[in-house]
Colleague: 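Here it is, the structure, as structure tokens.
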Amino acid sequence: MADYSERRWTSHDGLSLFARDYPGADGPAQLPVIAIHGLTRNSADFDAIAPLIARSGRRVLALDVRGRGKSDRATDPMTYQPPVYAKDVLGLLEAAGIERAVFLGTSMGGLITMAVTALKSRVVAAAILNDIGPQVSPEGLARIASYSGQPVDTPTWAAAAAYAKRINEVALPHYTDADWDAFARRIFKEGTEGAPILNYDPDISVPIKAAGAKALVPNLWPYFRRLARKSPTLLIRGGTSDLLGADIAARMQKAAPEMRYAEIPNVGHAPMLDEPESKAAIFEFLKDVP
């Protein structure tokens, strides 16, 4: 049986959105965790860390951002942007009766966290940014943009696993064939013809293409400084990440001296948060959060 229940809420523009709702174990009341995935992923990315956090006593809501997983696809693809995603997250908090939470954002999920801070900073009690910052390396973003929204030919689950390996092996060189099969089953779903299809709307890439080169060099430093100034923050970086360079991480530490930092060796963009170093950093951080 799943260790979560399924929760739905309606966005401001009428989409039915989905989240996995992991109840926290009994004990002293603690702030819940809002887990937000990366560009082409979904809530299944947190299926290792979310149950562990829930067992520690914190409720976890891991959502499918619009256009991904079990959430509706947008009728207007230009709504596939962090400010709109942030409004969707605030809608979830309102529907769930949550006034403040810890935000755990991987890649795009971290950008959404910064956007939430810009809209309503008091709801972000603390933030964990997984391999993302207010500036990113153009090379890494170009690599992600090169496959996002592109059609794939995956008639079998073996082909889906091969695809997952091809685009992610640089980040996860230690993965076995069994790991890639499990990975594929997180990012693909069975299509109407029985073949695996990617579990997101290809049109998520429309705003990126429309923005052109501007999309590859976002400047979110004011939002990051506001986040780190108002809320305890932990930055997790993959040691070989091509999206969050060591130089950017160093600038973040200089801009926010109180920010905690953990670098995960031999992992690129982005850590899956099942690594021992990731788990240790997260739980050490959460110990000091209400």
Side-chain angles (χ1 to χ4, degrees), residues 24 28 30-38 45-46 48-62 86 89 100-118 121-137 140 171 218 220-290:
Q30 300 180 79
L31 290 173
V33 172
I34 306 298
I36 314 173
H37 59 77
D45 261 13
F46 300 101
I49 192 66
L52 298 180
I53 295 174
R55 286 176 207 143
S56 76
R58 294 182 189 271
R59 179 187 185 187
V60 180
L61 288 162
V89 174
R100 300 185 79 221
V102 180
F103 280 67
L104 167 56
T106 293
S107 194
M108 180 189 73
L111 301 181
I112 296 170
T113 297
M114 286 184 257
V116 169
T117 301
S121 62
R122 63 183 177 82
V123 307
V124 184
I128 301 169
L129 303 177
N130 182 20
D131 212 58
I132 191 65
Q135 177 184 347
V136 296
S137 303
L220 301 175
W221 284 100
Y223 302 105
F224 167 71
R225 291 190 182 97
R226 184 176 183 183
L227 169 67
R229 185 176 69 249
K230 290 180 173 289
S231 309
T233 303
L234 164 66
L235 174 63
I236 295 174
R237 177 181 179 267
T240 62
S241 175
D242 64 351
L243 191 76
L244 186 69
D247 57 330
I248 299 173
R251 285 187 62 193
M252 293 171 70
Q253 289 179 292
K254 185 175 181 180
E258 300 300 315
M259 180 184 74
R260 299 194 193 182
Y261 178 67
E263 189 164 296
I264 313 306
N266 305 313
V267 174
H269 181 77
M272 293 301 297
L273 307 181
D274 57 356
E275 306 87 3
E277 299 89 349
S278 293
K279 291 187 286 188
I282 288 170
F283 283 102
E284 184 65 27
F285 177 74
L286 290 177
K287 279 197 318 185
D288 296 326
V289 176

Colleague: Going by the rule side chain to side chain contact (heavy atoms under 4.5 Å, CB included), which residues pair with Phe285 if we only count those two or more places apart in sequence or in a different chain?
Modeller: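 In terms of side chain to side chain contact (heavy atoms under 4.5 Å, CB included), with neighbours along the sequence ignored, Phe285 is linked to Ala126, Ile128, Pro232, Leu234, Arg260, Val289.
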
Colleague: Taking side chain as C-beta onward, heavy atoms only, is Met259 less than 4.5 Å from Phe224?
Modeller: yes

Colleague: Quick one: does Leu235's side chain get under 4.5 Å of Met252's, heavy atoms only?
Modeller: yes

Colleague: Report yes or no: does Arg58 contribute a side-chain atom to a donor-acceptor pair with the main-chain N or O of Ile53 at less than 3.5 Å?
Modeller: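 Here the side-chain-to-backbone pair does not exist.
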
Colleague: Treating Ser278 as the side-chain partner and Asp274 as the backbone partner, does any N or O pair qualify as donor plus acceptor under 3.5 Å?
Modeller: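 Answer holds: no.
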
Colleague: Counting C-beta onward and ignoring hydrogens, is there a side-chain heavy-atom pair between Leu104 and Ile36 closer than 4.5 Å?
Modeller: no

Colleague: Say whether, by atom type as modelled, one donor and one acceptor occur between the side chain of Arg237 and the main chain of Leu244 under 3.5 angstrom.
Modeller: yes

Colleague: Are the side chains of Trp221 and Arg251 in touch, meaning some heavy atoms are under 4.5 Å apart?
Modeller: yes

Colleague: When rounded to the nearest 0.5 angstrom, what is the spacing between OG in Ser121 and CZ in Arg100?
Modeller: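 Here the rounded value is 9.5 Å.
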
Colleague: Any idea which heavy atoms bring Leu31 and Ala125 closest together, and the distance?
Modeller: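 Heavy atoms only, the tightest pair is CD1-CB, 3.4 Å.
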
Colleague: Please tell me if the side chains of Pro271 and Asn130 come closer than 4.5 Å, counting only heavy atoms from C-beta onward.
Modeller: yes

Colleague: Can you check whether Val102 reaches Ile34 side chain to side chain, under 4.5 Å on heavy atoms?
Modeller: no

Colleague: Out of curiosity, Glu275 CD to Lys279 NZ, how far, rounded to the nearest 0.5 Å?
Modeller: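 Result: 8.5 Å between the selected atoms.
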
Colleague: Can you list everything that forms a side chain to side chain contact (heavy atoms under 4.5 Å, CB included) with Thr240? Sequence neighbours excluded, please.
Modeller: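 Side chain to side chain contact (heavy atoms under 4.5 Å, CB included) list for Thr240, sorted by chain: empty.
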
Colleague: For the atom pair CZ (Arg229) and OG1 (Thr117), what is the distance rounded to the nearest 0.5 Å?
Modeller: 10.5 Å

Colleague: Given Ser137 and Asp242, is the side chain to side chain contact (heavy atoms under 4.5 Å, CB included) satisfied, shown in steps?
Modeller: CA-CA 7 Å; Ser137 303; Asp242 64 351; over 6 Å; no

Colleague: For residues Asp131 and His269, is any side-chain donor paired with an opposing acceptor at under 3.5 Å?
Modeller: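 Distance-only check passes for Asp131 and His269.
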
Colleague: Grab the two heavy atoms, one from Ile49 and one from Phe283, that are nearest each other, plus how far apart they are.
Modeller: CD1-CE1, 4.0 Å

Colleague: Quick one: CG on Leu243 to CD on Gln135, what's the gap to the nearest 0.5 Å?
Modeller: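 So the gap between those two atoms works out to 10.5 Å.
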
Colleague: Side-chain contact, heavy-atom cut-off 4.5 Å: Leu111 with Tyr223?
Modeller: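 With C-beta onward as the side chain, the pair stays apart.
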
Colleague: Under the side chain to side chain contact (heavy atoms under 4.5 Å, CB included) test against Thr106, which residue among Ile132, Leu273, Leu129, Ile236 passes?
Modeller: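 Of Ile132, Leu273, Leu129, Ile236, side chain to side chain contact (heavy atoms under 4.5 Å, CB included) with Thr106 is met by Leu273 alone.
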
Colleague: Using atom types as modelled and distance alone, determine if a side-chain donor or acceptor of Ser231 lies under 3.5 Å from a backbone N or O of Val124.
Modeller: yes

